[in-house]
There are 2 protein chains.
Amino acid sequence: MNTGELTDLGQQLRVDSVRAAAAAGSGHPTSSMSAADLMAVLLAHHLRYDFDRPAHPGNDGFVLSKGHASPLLYSAYKAAGAIDDEELLTFRKLGSRLEGHPTPQRLPWVETATGSLGQGLPVGVGIALAGKRLDRTGYRTWVLCGDSELAEGSVWEAAEHAGYEHLDNLTVIVDVNRLGQRGPTRHGHDLDAYARRFQAFDWHTIEVDGHDVDAVDRAYGEAASTKGQPTAILARTLKGKGVEGVQDREGLHGKPLPEAEEAITELGGPRDIRVQVQEPPAARMLHSVHTGNFELPKWDKGKEVATRNAFGEALAALGSGRGDIVALDGEVGDSTRAEFFAKEHPDRYFECYIAEQQLVASAVGLASRGWVPYAATFAAFLTRAYDFIRMASVSGSGINLVGSHAGVAIGQDGPSQMGLEDLAMMRAVHGSTVLYPCDANQTARLVGAMAGLEGVRYLRTSRGESPVIYAPEEEFPVGGSKVLRSSGEDRLTLVAAGVTVHEALAAAEALEQEGIAVRVIDLYSVKPVDRATLRRAAEETGCLVTVEDHHPEGGIGDAVLDAFTDGRPVPRLVRLGVRSMPGSASPEEQLRASGIDAESIAAAGRLLVEEAVVR
Amino acid sequence: MNTGELTDLGQQLRVDSVRAAAAAGSGHPTSSMSAADLMAVLLAHHLRYDFDRPAHPGNDGFVLSKGHASPLLYSAYKAAGAIDDEELLTFRKLGSRLEGHPTPQRLPWVETATGSLGQGLPVGVGIALAGKRLDRTGYRTWVLCGDSELAEGSVWEAAEHAGYEHLDNLTVIVDVNRLGQRGPTRHGHDLDAYARRFQAFDWHTIEVDGHDVDAVDRAYGEAASTKGQPTAILARTLKGKGVEGVQDREGLHGKPLPEAEEAITELGGPRDIRVQVQEPPAARMLHSVHTGNFELPKWDKGKEVATRNAFGEALAALGSGRGDIVALDGEVGDSTRAEFFAKEHPDRYFECYIAEQQLVASAVGLASRGWVPYAATFAAFLTRAYDFIRMASVSGSGINLVGSHAGVAIGQDGPSQMGLEDLAMMRAVHGSTVLYPCDANQTARLVGAMAGLEGVRYLRTSRGESPVIYAPEEEFPVGGSKVLRSSGEDRLTLVAAGVTVHEALAAAEALEQEGIAVRVIDLYSVKPVDRATLRRAAEETGCLVTVEDHHPEGGIGDAVLDAFTDGRPVPRLVRLGVRSMPGSASPEEQLRASGIDAESIAAAGRLLVEEAVVR
């Protein structure tokens, strides 16, 4: 396209953005209008994408980090022929694929859900990593950011990562329109301020007038041909560009244009320019090629093994069998044992350093390209990435997260290092799976099973060693549980997972000596939870004690109660968990101080059974 | 002190760090040894701190961001006379104040709990903001960081904030010892790489040999006298400095020295140097001065008011009455209505732009200086700061967090903007309070009550308008609830909060028409929860339906069940919540699609009552 045609296309994207927001009665047309020329040039001249084959391994990646500018994205889809005008006008309506913020769950061309600012570049880094280190089909990754979101540290965490990894297949286009939601940004139109920051993180930078289509065209060309560095294009734009009454004005964020018809006229009226988007080069999926036989590691019963070790060994084995498995570390691979994978598969191992947001974002980016990522850090530090995990769920992203050093059982390091909120956090994520093994063989099986699940999968591992209690051939279906002890005379059920399984077994032994027969359930699948087994235990034993190395809210106790919320009567139940703020102490002292050791469990169980008798 | 004395003090700090870790059998002596000279010079020549009066308003702030180097901190306390040698050797033992990572809950001289890397500078920025904009007693804030943690985006989020705010009372000292936990850092000893980054964010930088005490002394002096900019001191150091066998070697992170006795000898043996730390200048607490009468806003029953508006108005009123109230915004103050406070109290309003980690960290820093912060953003975006909220709880920090735009009721914007995990996340925080008002008068009362609570307080507000159902004089104790309807014939209790209260009332009305008498409980205090009222309702009505605009895990349903986990029989219960991933739709359509509107509630209640009869 020549200058005039590109300019016309930009105007069409503006008109369609205004029309879509007007039809919806809400949305962000002014934020779309500032970036319209940037999008027009990208679509017409630089993006290589087959809209009929969104899974094409050669397709460029495009992430609209400023997800509120969705009208612009959908207008571009229309210009590319991916959707028609009728669908465009369903924007933000019930059942429409065109949501307020784009999600891949509904639209196949969206790489990742956006709308929480500062996430587009981190996920783009993940896509670019896939492209550079794994796929090698030559695709580029383009991220369109707003300027306001550069206040998010996650952007600079990503910038650091991209610069260090020399991701020259990555371009971020910053739509510097100077206005945030409630007023001016920190740096207004000072493009140099942003350029200095990107340069410091070893990026190539280009400053450009974002409404000069030829200059933008040249900038994209320069970005694509820059070697050894990612490129940041800082584009000076005007919010609401093209409509005098709204252009560069405050107080018009996130609202349809006040006079939509007049605005459309001022923008030259509707057009019907169709863009022939460049085809991607022929390419094949690398990661589906290599899938061989493999065997998960096995341990003999009675051996003392930390579940984090079993995770590391199992993941390494899984990686030998499946070429699509990748692992990511937050600079604690020696602790999480992710390093076991690194030693065997260094080409598929991603060191993210101490940067948990980038850790999860990289996993999301890799997953969007068909890879099956396992990202591991301390359970406690996954809280750093909760917004990214939440958005991964909105994306429907298939990622495996592994949190080690869970609970007070880690011992001396103290509460900052203890995952005590992770089960609550992960259970609340829509569509998530939450697994918490208690022995090595179980861990290995669950690591294998995770790979085949949908959505966000979480595995919680422990620091200390624990005895292997299951035979290597035992199976552990997700959504199941294991009844470790039971008899016809059980008057109490102990429900535990992870480290507390071993404490519960010891407690059951002690109670048995006193004449109280006790059932013990290993609830390794915290979500989904094995309702049938829990209900049977409630009916048959009448009393339940749940015990978890986690704060009492949102964890195993709540998961167990979930089995009794369909209107049936609920059993007598007591929940044991970490109710005070721990300090430093040995693992054994910690369990005792928190009242989740064998003795405390036995005491609680004894009391509950006695009370049930009295009543 | 002269050069030799400072050097000797550094060696003493090393020796004591080695001794403490050896006595504990765990800990991070090598990470302490790299920073020992940096700490010695700070303690002896620059820090102004009265250890007998940790609340002295003129005390400098000191944050050990690399919290694992706690042996160094405790060794410094000993050198300053704050603790004795006997206590030093209780390090990491059960009941000791000297935890693996320092916390203000146990030690009065610790400003904020650390141990989750990348949080010290953000909190330091909050302290420096307090110093520069509010306290004005001339104190400085010193943050000692590791180099590994500069990979965290939160550090650059803080750097951006500090540079923009010209925090020349803030100095970050980076202990560039080149080694992380599992190996070398990204930039090794390349001090320029770090300096470039800080400079890009408008910081003054100084590069120095971190073991040259005179150079370090000059650097601190230069930092203290630099005007208009914060200063970053990049100090080249060696991990394990001073002991040949461990110095600058990999694989020795987080372990006691292998040959502690020999190491102590090599370091010149134990010393007993006592440092006379400079007294802070005389100063008075500004924020306790001004407390006047004020009246919370009131609304007439039946009026339609959004609870977010009530929050904004109430906070502005509270700010008029109490001079210690401050407010913080994440660039959405026009949405959360925090801007109402800004208009009346601009001097106590902190714009954090789109940077939720810094938003919470600033609140923690301000709270550490005695201010009472209210930090507001969308409920969904508080997930971005979960690790900071978790650590605030470890600190015992008294902060108020306000999450607006909760749940599917926001309507068209879609799931990225909907807080659907916030209740779970906040309930799981130890010692937290979780409040969720349904009308304007209730909101105002709760905003007022929050100020006087301990720990992390969370208020969830709604975007849309809802009718005022309470009289202005009604009281809402934290831990209470309101029975909005009840009779002697109730066969069902509906438990709701926030937007679902109004739906539950409509459902109860409909069921009443059918001859089913229904109790309705407004559970505005989600944590602590009103166990007595819930138990009475269970006993008297037999059936409970909980209904929440939140995912089913960890929210109101789980909070209600918490009343029945002391071994008593639990009622028949059904939980209604958001069980699918929402898209865009109107607020009414959203409630219906999620099955939490009046009609769905009535249907669930009807079914439960009928089943109870059949059984």
Side-chain angles (χ1 to χ4, degrees), chain A residues 26 92 94 99-101 115-117 148-149 151-154 156-157 164 180-182 186 196-197 200 331-334 353-355 357 383-384 386-387 390 394 412-417 421 424-425 427-428 430 551 553-554 558 561 565 567 570 572-575 581 583-585 589 608 611, chain B residues 26 92 94 99-101 115-117 148-149 151-154 156-157 164 180-182 186 196-197 200 331-334 353-355 357 383-384 386-387 390 394 412-417 421 424-425 427-428 430 551 553-554 558 561 565 567 570 572-575 581 583-585 589 608 611:
Chain A
S26 67
R92 285 175 165 250
L94 179 67
E99 294 192 57
H101 298 78
S116 180
L117 291 169
S148 285
E149 63 180 306
E152 290 281 11
S154 57
W156 304 106
E157 192 170 311
Y164 182 75
Q181 173 176 321
R182 45 134 285 290
R186 276 191 180 120
R196 270 200 312 277
R197 286 159 173 75
E331 222 268 321
V332 287
D334 54 336
Y353 293 88
I354 304 181
Q357 296 189 112
T383 58
R384 194 65 152 260
Y386 194 29
D387 196 21
R390 180 181 76 87
V394 175
Q412 287 83 353
D413 272 342
S416 65
Q417 318 293 301
E421 305 82 2
M425 168 175 97
R427 280 183 69 243
H430 177 70
H551 287 318
E553 298 88 359
D558 283 354
L561 282 165
T565 53
V570 185
R572 289 174 193 279
L573 185 137
V574 166
R575 298 197 294 192
M581 181 60 72
S584 286
E589 290 167 337
L608 187 63
E611 279 182 356
Chain B
S26 68
R92 284 175 164 251
L94 179 68
E99 293 192 57
H101 298 77
S116 180
L117 292 169
S148 285
E149 64 181 304
E152 291 282 12
S154 56
W156 305 106
E157 192 170 310
Y164 181 75
Q181 173 177 320
R182 44 135 285 290
R186 276 193 179 118
R196 270 201 312 278
R197 286 159 173 75
E331 222 269 321
V332 286
D334 54 336
Y353 294 87
I354 304 181
Q357 296 189 114
T383 58
R384 193 66 151 261
Y386 195 27
D387 196 21
R390 181 180 76 87
V394 174
Q412 287 82 354
D413 272 342
S416 64
Q417 318 293 301
E421 305 83 3
M425 168 175 98
R427 281 183 68 242
H430 177 71
H551 287 319
E553 298 89 359
D558 283 354
L561 282 165
T565 54
V570 186
R572 288 175 192 278
L573 184 136
V574 166
R575 298 197 293 194
M581 181 60 72
S584 286
E589 290 166 337
L608 188 63
E611 280 180 354

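Since the model is a prediction, treat every value here as computed from it, not as a measurement. Chain A is the first sequence line, chain B the second, and so forth, proteins listed ahead of strands; every chain is numbered from 1.
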Out of [options], which one racks up the most heavy-atom pairs below 4.5 Å with chain A?
options                                : answer
B/Leu561, B/Val574, B/Asp413           : B/Asp413
B/Gly180, B/Gly554, B/Gly414, B/Ser26  : B/Gly180
B/Arg92, B/Met581, B/Gln417, B/Arg196  : B/Arg92
B/His101, B/Arg186, B/Glu421, B/Glu152 : B/Arg186

Exercise for the section: Could you look at A/Glu99 and say if it's the side chain, the backbone, both or neither that has a heavy atom under 4.5 Å from chain B? Expected result: both

Exercise for the section: Examine whether an atom of A/Leu573 lies under 4.5 Å from a heavy atom of chain B, and if so say whether it belongs to the side chain, the backbone or both; otherwise answer neither. Expected result: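 Both parts, backbone and side chain.
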
Exercise for the section: Determine whether B/Arg182 and A/Glu331 make a side-chain contact, defined as any pair of heavy atoms from C-beta on separated by less than 4.5 Å. Expected result: yes

Handout entry: Geometric class of the B/His430/A/His551 ring pair [parallel <30°, tilted 30-60°, perpendicular >60°]
Key = parallel

Handout entry: chain B contacts, top residue of A/Pro415, A/Gly100, A/Ala151 (heavy-atom pairs, under 4.5 Å)
Key =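 Of the options given, most contacts go to A/Ala151.
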
Problem - When A/Val394, A/Leu608, A/Thr565 are compared by non-hydrogen pairs under 4.5 Å with chain B, the top option - result: A/Thr565

Hey, could you give me the [atom1]/[atom2] distance between [X] and [Y], rounded to the nearest 0.5 Å?
X        : Y        : atom1 : atom2 : value
B/Glu553 : B/Asp558 : CD    : CG    : 8.0 Å
B/Trp156 : A/Trp156 : CH2   : CH2   : 11.0 Å
B/Arg572 : B/Glu611 : CZ    : CD    : 8.0 Å

Please state whether the side chain, the backbone, both or neither of [X] comes within less than 4.5 Å of a heavy atom of chain A.
X        : answer
B/Leu117 : both
B/Ser148 : both
B/Gln412 : both

Problem - All side chain to side chain contact (heavy atoms under 4.5 Å, CB included) counterparts of A/Val332, not counting sequence neighbours - result: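 For A/Val332 the side chain to side chain contact (heavy atoms under 4.5 Å, CB included) partners, ignoring immediate neighbours, are A/Asp329, A/Ser335, A/Thr336, A/Thr377, A/Phe378, B/Gln181.
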
Exercise for the section: Would you confirm whether B/Arg390, through its side chain, and A/Ser416, through its main-chain N or O, come within 3.5 Å as a donor-acceptor pair? Expected result: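 Flag set: sc B/Arg390 to bb A/Ser416 pair under 3.5 Å.
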
Exercise for the section: Salt-bridge test for A/Arg384 and B/Asp387: reply yes if a basic N is under 4.0 Å from a carboxylate O, no otherwise. Expected result: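 Counted as a salt bridge, because a side-chain N and a carboxylate O are separated by less than 4.0 Å.
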
